[in-house]
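Every heavy atom of this structure was used, including side-chain atoms; hydrogens, water molecules and symmetry mates were not.
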Amino acid sequence: MKKVIFHENSLEILQYEFQSSTIRDKPLINVIQINEVNLNTNPISIVINHNEIIFIEDKYHKDFLDFVKRNDLKVENRFDIWSAINEVFLDTEFTPQHYERTLQSLKENGIQREKVMEIREKIKDLMTGWRSISWSFNYLGQYDLLLNKKQSFLLLFPRDFYWWTMDTALSNYAQKAINPYELNKLEDGNL
């Protein structure tokens, strides 16, 4: 069964990994809800409704890119905040200069050094415990963090954790004003 179905002006995600997501209740995502496409995340992602990142599985990569082109969606290769925060949990050695550049990049993207340290401390046990089981040696992002949390908590995935990761990931996201006419069309289902 296909988990993602691409329609002309919408995509439908029938099975999504994370139960706290808004698309679990409303799996149809209209193009007007898609604020940006980010090819820097792994898997690639979209921002919907200016507040949630939805990941598109790698096996749908080609169909998704066709959908993006067909609908002329905005591709914004925004700096991947979670990848930068999580790099200390990779099974890779970096130089002290590299870590300083990462902290500087995070600062430039809305996350101060003290906050980075606080976040890393909060997720340390979760990320360190699973690192040897699954992840790539060069990338560890928000999807990995959420998937790991899901596996750790099984059916008791904390909703506040999901939304906290969204807020952190979108620290460098510049919300655009929504055209009230388009918002009304979306709410009325007249797209």
Side-chain angles (χ1 to χ4, degrees), residues 1-87 105-106 108-111 134-150 162-191:
M1 175 179 150
K2 279 187 122 177
K3 290 183 181 179
V4 181
I5 299 172
F6 296 93
H7 303 288
E8 189 62 32
N9 296 317
S10 62
L11 62 99
E12 195 169 3
I13 301 180
L14 302 175
Q15 293 179 343
Y16 194 58
E17 291 281 353
F18 310 114
Q19 68 186 27
S20 297
S21 173
T22 60
I23 65 170
R24 293 288 291 241
D25 293 331
K26 297 177 183 175
L28 188 68
I29 302 170
N30 291 302
V31 292
I32 195 168
Q33 292 175 267
I34 301 172
N35 311 113
E36 74 175 30
V37 174
N38 192 338
L39 304 176
N40 279 344
T41 60
N42 186 14
I44 55 179
S45 62
I46 58 176
V47 174
I48 63 168
N49 303 322
H50 298 288
N51 71 345
E52 185 174 9
I53 296 169
I54 303 296
F55 296 95
I56 307 298
E57 289 183 47
D58 288 337
K59 67 181 175 180
Y60 300 106
H61 189 88
K62 183 189 177 320
D63 291 336
F64 178 69
L65 291 180
D66 291 343
F67 174 80
V68 168
K69 289 175 189 171
R70 181 172 66 246
N71 287 286
D72 197 28
L73 295 176
K74 176 184 172 189
V75 176
E76 183 70 42
N77 290 318
R78 207 167 24 85
F79 178 76
D80 186 346
I81 287 177
W82 276 110
S83 175
I85 290 171
N86 289 336
E87 79 175 11
S105 294
L106 283 163
E108 291 166 3
N109 284 277
I111 309 284
S134 58
W135 297 313
S136 165
F137 70 93
N138 63 358
Y139 182 86
L140 190 59
Q142 181 185 14
Y143 180 81
D144 301 304
L145 175 65
L146 289 170
L147 195 57
N148 188 29
K149 186 73 164 180
K150 177 185 170 191
Y162 179 82
W163 290 103
W164 170 74
T165 70
M166 293 299 157
D167 288 343
T168 301
L170 294 171
S171 294
N172 61 351
Y173 173 76
Q175 181 172 334
K176 307 295 185 269
I178 300 172
N179 179 327
Y181 173 73
E182 290 177 345
L183 184 60
N184 288 337
K185 284 186 352 186
L186 176 63
E187 289 171 352
D188 295 341
N190 294 327
L191 256 185

Enter the distance from [X]:[atom1] to [Y]:[atom2] here, rounded to the nearest 0.5 Å.
{"X": "Y173", "Y": "N109", "atom1": "OH", "atom2": "CG", "result": "15.0 Å"}
{"X": "I29", "Y": "S10", "atom1": "CD1", "atom2": "OG", "result": "9.0 Å"}
{"X": "F18", "Y": "I23", "atom1": "CZ", "atom2": "CD1", "result": "10.0 Å"}
{"X": "D167", "Y": "I81", "atom1": "CG", "atom2": "CD1", "result": "11.0 Å"}
{"X": "I56", "Y": "I44", "atom1": "CD1", "atom2": "CD1", "result": "7.0 Å"}
{"X": "F55", "Y": "S21", "atom1": "CZ", "atom2": "OG", "result": "10.5 Å"}

**Prompt:** Between N172 (side chain) and F79 (backbone), is there a donor-acceptor pair under 3.5 Å?
**Reply:**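 Yes; at least one donor-acceptor contact below 3.5 Å.
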**Prompt:** Any sub-3.5 Å donor-acceptor pair from N35's side-chain atoms to N49's backbone N or O?
**Reply:**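 Checking the backbone N and O of N49 against the side chain of N35, a donor-acceptor pair under 3.5 Å is found.
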[X] and [Y]: which non-hydrogen atoms are nearest, and at how many Å?
{"X": "R78", "Y": "N40", "answer": "O-ND2, 3.3 Å"}
{"X": "S20", "Y": "W163", "answer": "O-NE1, 3.6 Å"}
{"X": "T165", "Y": "W82", "answer": "O-NE1, 3.0 Å"}

Within the 4.5 Å heavy-atom criterion, are [X] and [Y] side-chain neighbours or not?
{"X": "Y143", "Y": "P43", "value": "yes"}
{"X": "Q142", "Y": "M166", "value": "yes"}
{"X": "Y139", "Y": "D144", "value": "yes"}
{"X": "E76", "Y": "V47", "value": "no"}

**Request:** Can you run down the ring pair (Phe, Tyr, Trp, His ring centres under 6.0 Å) pairs that involve residues 57-77, sequence neighbours left out, and say none if there aren't any?
**Result:**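 Ring pair (Phe, Tyr, Trp, His ring centres under 6.0 Å) check on residues 57-77 returns F6-F67.
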**CA sep, side-chain torsions, deciding dist, call: Q33, I54, side-chain contact (heavy atoms from CB on, under 4.5 Å)** = CA-CA 11 Å; Q33 292 175 267; I54 303 296; over 6 Å; no
**Request:** Check step by step if side-chain contact (heavy atoms from CB on, under 4.5 Å) holds for T168 and I85.
**Result:** CA-CA 10 Å; T168 301; I85 290 171; 3.9 Å; yes
**Request:** Not counting sequence neighbours, list each pair that qualifies as a salt bridge (charged side-chain N to carboxylate O under 4.0 Å, His left out) and has a residue in residues 44-58.
**Result:**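 Matches after skipping sequence neighbours: K3-E57.
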**Message:** Among I53, N30, T22, which residue satisfies the side-chain contact (heavy atoms from CB on, under 4.5 Å) criterion with I48?
**Reply:**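 Only one option passes, and that is T22.
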